[in-house]
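Data first, discussion second: the structure below is written as structure tokens.
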Amino acid sequence: MTVVTAAVMAGAAAGLSIAIPFGPTSFYLIERTLADGVRTGMVTGLGVATVHVAYSAIALTFGLISYGGAHGTALMTVFSGLIMAFFAFRVWKRHLVSTGVRSRLPGLKRAYFDAVAFGLLNPVTPALCAAAVTAMAGAASPGSLVVLGVFVGSLMWWSGLSLAVSAMRQNISARILRHANRAAGILLAFLAMSMLFRGAQEFATGLL
């Protein structure tokens, strides 16, 4: 196995380990696929993979990512919670149909940048990227190819998830789609409240 192949494979393994844990990003991609179809789901996955590449590159270059002290971390957590609450509201209000796509399909550029914003503001992502690439990069070089592998692994997972959800979508009734959409909105809202509560706790602890 060549050095290039080893580096890309190590990065792909890191990318999969970052993407596979089921969390708010997974629910967001599933909801976008159910609402707008597989194209939007795939573009959403591309946006998330872009964030994984960016955080992984930073982790390899500068080490573990820090938001600038306890107060900085607390404020970022609160801000991320507010943004996630906004996404939860959008998900809750979204109208789903059982077949086809919505008549006014949002632009794919918007879907991409929405996914980038969602990924950037998920405070768990930097830690996952830092841990994964730090563990994998030691066994492979150069680092730039590891980062490329992260993109490949992450995009493979999100694309596969979007395709699987899209395939099931055709056999799901409108009622089930509505319930799934509301469940995703409730979950994201719960996660947003948890982040806000944790951020408030961190900020209060920092003041002591």
Side-chain angles (χ1 to χ4, degrees), residues 1-34 36-68 72-73 76-77 79-80 83-84 87 106-167 188 191:
M1 182 183 298
T2 66
V3 173
V4 171
T5 302
V8 173
M9 289 184 64
L16 286 171
S17 69
I18 296 165
I20 285 176
F22 210 75
T25 304
S26 301
F27 276 94
Y28 183 64
L29 181 138
I30 289 171
E31 190 277 332
R32 294 308 302 268
T33 303
L34 288 174
D36 298 323
V38 68
R39 287 193 304 166
T40 299
M42 297 279 280
V43 171
T44 299
L46 178 63
V48 176
T50 302
V51 174
H52 290 172
V53 167
Y55 276 138
S56 297
I58 293 171
L60 283 175
T61 304
F62 301 106
L64 295 179
I65 300 168
S66 173
Y67 289 120
T73 301
M76 177 58 71
T77 302
F79 180 69
S80 299
I83 298 298
M84 188 167 290
F87 277 103
L108 295 182
K109 287 184 179 180
R110 177 181 174 183
Y112 173 80
F113 287 112
D114 276 358
V116 169
F118 192 91
L120 286 173
L121 293 170
N122 184 352
V124 177
T125 304
L128 285 174
C129 291
V133 298
T134 300
M136 295 296 180
S141 62
S144 59
L145 292 176
V146 174
V147 172
L148 174 62
V150 168
F151 178 78
V152 172
S154 178
L155 186 60
M156 284 175 55
W157 172 257
W158 298 123
S159 298
L161 180 60
S162 181
L163 288 170
V165 171
S166 179
L188 291 177
L191 292 169

> Run the side-chain contact (heavy atoms from CB on, under 4.5 Å) check on L161 and V165 step by step: do they pass?
Replying inline: CA-CA 6 Å; L161 180 60; V165 171; 4.3 Å; yes
>> Pair W158, H52 - check side-chain contact (heavy atoms from CB on, under 4.5 Å), show working.
In response: CA-CA 12 Å; W158 298 123; H52 290 172; 3.7 Å; yes
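The shortest heavy-atom contact between S26 and A19 is OG-O, 4.4 Å. Scanning all heavy atoms of the two residues, the minimum distance from G119 to Y55 falls at O-CE1, 4.2 Å. Nearest heavy-atom pair across L163 and V38 is CD2-CG2, 3.7 Å. Residues R32 and T40 approach most closely at NH2-CG2, 3.6 Å, considering heavy atoms.
Within the model, atoms OG1 of T50 and CG of L46 stand 4.5 Å from one another, a figure rounded to the nearest 0.5 Å. For the atom pair D114 CG and L108 CG, the distance stands at 11.5 Å (nearest 0.5 Å). For the atom pair L29 CG and M42 CE, the distance stands at 10.0 Å (nearest 0.5 Å). One finds the CG atom of D36 at 9.5 Å from the CZ atom of R110 (value rounded to the nearest 0.5 Å). In this structure, OG1 on T44 lies 11.5 Å from CD1 on I30, to the nearest 0.5 angstrom.
A donor-acceptor pair under 3.5 Å is absent between the side-chain atoms of Y112 and the main chain of G107, judged by distance alone. Although no hydrogens or angles enter the test, the distance criterion places a donor-acceptor pair under 3.5 Å between the side chain of S159 and the main chain of L155. Although no hydrogens or angles enter the test, the distance criterion places no donor-acceptor pair under 3.5 Å between the side chain of S166 and the main chain of S162.
Using the six-membered ring where Trp is involved, F118 and Y28 have ring planes that are parallel, under 30° apart on the 30 and 60° scheme.
Between L148 and the choices V146, V150, L145, the side chain to side chain contact (heavy atoms under 4.5 Å, CB included) rule is met once, by L145. Residue V147 forms a side chain to side chain contact (heavy atoms under 4.5 Å, CB included) with just one option from V53, I58, V8, and that option is V53.
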